[in-house]
**Q** 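Mind having a look at this structure? Questions to follow.
Note that this is a predicted model, so its numbers are computed, not measured. Residue numbers start at 1 and run along the sequence shown.
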Amino acid sequence: MAVQLITYTPNSSHRNYNDLIDDIKELGDWCKISETVWIAETSLNTLTLRDKLKKHIGIDDQLAVITMAGDWSTQNFSNEINNWLRNHL
């Protein structure tokens with residue numbers, strides 16, 4: 001299992017991103033760290049995960065999936081987010 005950072009930039013003003021969010025939540029153990037940044041523990045690699053999620057974004061939207069490992073640091077995040085990161089990385 002890898003921890004994947006998923007971030008998207010919604011440039012489509014009339015698009016609903018609920019299906020994207022639902023697919024992220026279905027990955028398994030996840031953490032939302034900001035409005036459009038999520039972290040999920042999944043067996044999917046970055047390419048497969050990107051392909052799974054890109055159907056939910058518009059042609060002008062941006063999507064990135066990045067494998068996380070090792071060192072991390074936060075500022076002004078909740079204990080819940082910091083604990084999730086501590087337990088998964």
**Q** Any non-hydrogen side-chain atom of V65 less than 4.5 Å from a side-chain atom of Y8?
**A** no
**Q** With a 4.5 Å heavy-atom cut-off, do L63 and I6 have their side chains touching?
**A** yes
**Q** Can you tell me how far CD1 of I21 sits from NZ of K32, rounded to the nearest 0.5 angstrom?
**A** 6.0 Å
**Q** Measure the spacing between CD of E41 and CE of M68 and express it to the nearest 0.5 Å.
**A** 12.0 Å
**Q** Considering the options L5, L53, I24, which one meets the side-chain contact (heavy atoms from CB on, under 4.5 Å) requirement together with W38?
**A** I24
**Q** Return the OG1 to CD distance between T42 and E26, rounded to the nearest 0.5 Å.
**A** 11.5 Å
**Q** Can you get from L44 to I66 by hopping between Ile, Leu, Val, Met, Phe, Trp and Tyr side chains that sit under 4.5 Å apart?
**A** no
**Q** So, taking the atom named CG in L49 and the one named NZ in K54, what distance separates them when rounded to the nearest 0.5 Å?
**A** 12.0 Å
**Q** Report yes if some heavy atom in the side chain of E80 is under 4.5 Å from a heavy atom in the side chain of N83; otherwise report no.
**A** no
**Q** Nearest heavy-atom pair of L89 and G70: which atoms, and what distance?
**A** CB-O, 4.0 Å
**Q** Indicate the atoms forming the closest heavy-atom contact of A2 with T67, along with that distance.
**A** CB-CG2, 4.4 Å
**Q** I need the T9 OG1 to D60 CG distance, nearest 0.5 Å.
**A** 11.5 Å
**Q** In the structure I gave you, are the side-chain heavy atoms of D23 and K55 within less than 4.5 Å of one another anywhere?
**A** yes
**Q** W84 and V37: same hydrophobic cluster, using ILVMFWY side-chain contacts below 4.5 Å?
**A** yes
**Q** Measure the shortest side-chain to side-chain distance between I39 and W30 over non-hydrogen atoms and say whether it is less than 4.5 angstrom.
**A** no
**Q** Side chains of T36 and P10, heavy atoms from C-beta outward: is any pair under 4.5 Å?
**A** yes
**Q** Does a donor on one side chain and an acceptor on the other come within less than 3.5 Å for N45 and T48?
**A** yes
**Q** Verify the cluster assignment for L27 and L20: are they in a single hydrophobic cluster under the rule of side-chain heavy atoms below 4.5 Å apart?
**A** yes
**Q** For residues D19 and H56, report the shortest heavy-atom separation together with the two atoms involved.
**A** CB-ND1, 3.3 Å
**Q** Please confirm whether the backbone N or O of N11 pairs with a side-chain atom of D61, one donor and one acceptor, at under 3.5 Å?
**A** yes
**Q** With a 4.5 Å limit on heavy-atom distance, are the side chains of W72 and N82 in contact?
**A** yes
**Q** So how far is it from S43 OG to Q4 CD, rounded to the nearest 0.5 Å?
**A** 9.5 Å
**Q** Donor-acceptor check, side chain of T74 to backbone of F77, threshold 3.5 angstrom: yes or no?
**A** no
